[in-house]
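Only one structure is covered here, and it is reproduced in the block below.
Residues take their numbers from the sequence shown, with the count starting at 1. Every number for a ligand or one of its atoms is a count from 1 in the order of the listing. None of the values given here were measured: they were computed from a predicted structure.
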Amino acid sequence: MAVKTAKVVMFMGVGKAFQMFEYPVPTKIEPGAILMKTKLATICGADMHSWRGDRPFPVPSVMGHEIVGEIVEMGEGVDRDTAGESLSTGDRIVPTIMASCGVCYYCKQKQLPMKCLKLYKYGHVKSDVAPYFHGGCGEYVYVRPGTGVFKVPKDMANEEAAPLMCAAATITGNLDKVGLEFQDKVVVFGAGMVGLNAIAMSKGWGAAKVVAIGHHNERLEVAKKFGADVVINSKELNDDELIKEVRDLTGGFGPDLVMECTGSTRAMSLGIEMLRIGGRLACVGSTYPGGKVAIDASKITLKILTIVGQHNYDAKHLGWALDYVYATRNKYPWKEIISPFFPLTVAGVTGAFKALQERTAVRPAIVPDLKK
Ligand SMILES: [Zn+2]
Ligand SMILES: [Zn+2]
């Protein structure tokens, strides 16, 4: 019998063109694993930074770590998802961004499975080795044992489901850790996918007011649709003006929580300045090295600030993100911000990365069976 093969589009290195390869589709699905057929994968800002060379990245690699797929085959022992829902072939699922071992120091002792000593991250590994299908830019994804998996409700769109795997679950993870309190006043820096999730989710978590700060007016208009009460274009104000504006909007004391979702060092230092005494700074935007911030260290001590970082998340946070986006799918335009759609070809993947770099899209998507 002929071996069935399928396509992946691989990142070959900074400045090099993507290339398409065909590899055998895995036939031996180990216990605890799932073979899924990619329905839709969105391209994340972190992918774009890796592609541009802002951080070291293994090559060749199948990028893409925001994926929704359909179960083709399940290994022994897989019959339910992480939330306890039954699973069958044909169901759509969203996996966690990582597979972790469950027994190492970070998994077991420190409850940080996203930093597992044997961590495997979808869309982040050298991919010219079996099982080849390691990321979203492929027709299939081999979901390893040790991955959290959540069944996608039948009436949830692929566009709503794919970005849960990175942007959305990172925010639920961060809000869990940072301790947003009921009626808190929140400032969110950034109106990209992570920022929009931070705005919508802090509202759902009980924030009284959310101020979104960005530097693209079109994006700030989108931020309003996701629940921002006030938007500020940071390009139009100097630091002192911006801090005064935010203080005026937050009862004169400053915000309770600032969420830095851009990776901008200006946002980080402004956040420390504008926070009220006892405030919290959530840092999720800086995901590549080099961002140095000059701060007056006494501000942290004297203002009794808490600084909380978040990189990736625990499986439960993906479950929370799914439930929240599903529950608010008629309230916020989750589906509408996913565009344009590209086929799984070299030109398609290149087009998606360029759309993100040129900021013509919040979240471009790869759809392997895109109707031409
Ligand atoms: Zn990402
Ligand atoms: Zn581990």
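Of all non-hydrogen atoms in Cys137 and Ile366, the two that sit nearest each other are SG-CG1, 4.5 Å. Heavy-atom minimum distance, Pro255 versus Leu275: O-CD2, 3.4 Å. When all heavy atoms are compared, the tightest approach of Thr250 to Lys185 is CA-CD, 3.7 Å. Scanning both residues, Leu237 and Arg266, for their nearest heavy atoms gives O-NH2, 3.1 Å.
Excluding waters, the protein N/O/S atoms found under 2.8 Å from the Zn ion (ligand 2) are Cys101 SG, Cys104 SG, Cys107 SG, Cys116 SG.
Side-chain rings of Phe182 and Trp205 stay apart, their centers remaining 6.0 Å or farther from each other. Between Tyr142 and Tyr132, the ring center distance fails the sub-6.0 Å criterion.
Rounded to 10 degrees, the SG-metal-NE2 angle spanning Cys44 and His65 at the Zn ion (ligand 1) equals 110°.
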